[in-house]
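Presented below is the structure to which this report refers.
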Amino acid sequence: VNLSCLPTWMQSHDKFHEAFAAFPWEVLEVFSGPPKVAFTWRHWGTFTGTYEGNQGNGEKVEMFGFGTAVVNDQLQLCDVDIFYNAEEFIRVLRGEKSVEEVNSDWNKGASCPFAAMISAKAEEKKEEPSTSIL
């Protein structure tokens, strides 16, 4: 991977600032306690600006992920790892996908978004026609 062609943090920050007046981040659910804390999170904003020439129409756009953080005995953050797939989120900002299509597995009401994705894939397999001959 040629890292010189990737945007810097500041360039990325500027692009999102042009798309959103605010882009909050929140922890959704915590799965383990200190010192290593595992959690799900979301970033969201009202897309009223522009992103790579695509004008937003005021819809709330969300991005979800999972993270782990290590804290000390005073609960100060020592290390953090954040995991996410921003591809579909970016596709909405570019106008390639609708908000309704993005992260649908995260909005199915399961307490754990990864469990929702696994459940959805299992349901898809149940619906596939059987090709085996008995």
Open item on the list: Between N54 and L93, does the side-chain contact (heavy atoms from CB on, under 4.5 Å) criterion hold? Intermediate values first, please.
Closed with: CA-CA 7 Å; N54 183 47; L93 298 182; 5.7 Å; no
Open item on the list: Before you tell me yes or no, could you show the steps for F39 and I82 under side-chain contact (heavy atoms from CB on, under 4.5 Å), namely the whole-Å CA-CA distance, both residues' side-chain angles and the distance that decides it to 0.1 Å?
Closed with: CA-CA 10 Å; F39 57 93; I82 299 295; 4.0 Å; yes
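In this structure, the side-chain hydrogen bond (donor to acceptor under 3.5 Å, both in side chains) partners of E52, at least two apart in sequence or on a different chain, are K15, R94. Residues satisfying the side-chain contact (heavy atoms from CB on, under 4.5 Å) criterion with D79, sequence neighbours excluded, are V70, D81. Taking K36 as the reference, nothing meets the salt bridge (charged side-chain N to carboxylate O under 4.0 Å, His left out) condition, with sequence neighbours excluded. For S32, the side-chain hydrogen bond (donor to acceptor under 3.5 Å, both in side chains) criterion is met by no residue, not counting sequence neighbours. In this view, E59 and N57, V99, E100 satisfy the side-chain contact (heavy atoms from CB on, under 4.5 Å) rule, not counting sequence neighbours. With sequence neighbours left out, F20 forms a ring pair (Phe, Tyr, Trp, His ring centres under 6.0 Å) with F23, F47.
In this structure, T40 contributes its side chain and E29 its backbone to a donor-acceptor pair below 3.5 Å. Within the 3.5 Å criterion, the main-chain N or O of P24 finds a donor-acceptor partner in the side chain of H43. A donor-acceptor pair is defined here as one N or O able to donate and one able to accept, closer than 3.5 Å; such a pair exists between the side chain of T8 and the backbone of Q11. Judged by distance alone, with hydrogens and angles left aside, the side-chain atoms of E101 form no donor-acceptor pair with the main-chain N or O of E88 at under 3.5 Å.
Applying the salt bridge (charged side-chain N to carboxylate O under 4.0 Å, His left out) definition to pairs two or more places apart or across chains, those involving residues 19-28 are E26-R42. Screening residues 63-74 for side chain to side chain donor-acceptor pair (under 3.5 Å), with sequence neighbours left out, gives N72-Q76.
Using a 4.5 Å heavy-atom cutoff, the side chains of F64 and F89 are not in contact. L75 is listed as a side-chain neighbour of P34, based on a closest heavy-atom distance under 4.5 Å.
Closest heavy-atom contact between Q55 and G49: NE2-O, 3.1 Å. Of all heavy-atom pairs spanning G58 and T46, the tightest one is O-CG2, 3.2 Å.
Counting non-hydrogen atoms of other residues, nucleotides and ligands closer than 6.0 Å to CZ of F16 gives a total above 12.
Rounded to the nearest 0.5 Å, atoms CG (L28) and CH2 (W41) are 9.5 Å apart. We find the CD-CE distance between E87 and M63 to be 12.5 Å, quoted to the nearest 0.5 Å.
Tracing side-chain contacts under 4.5 Å through hydrophobic residues (I, L, V, M, F, W, Y), one reaches V61 starting from Y84; they form part of the same cluster.
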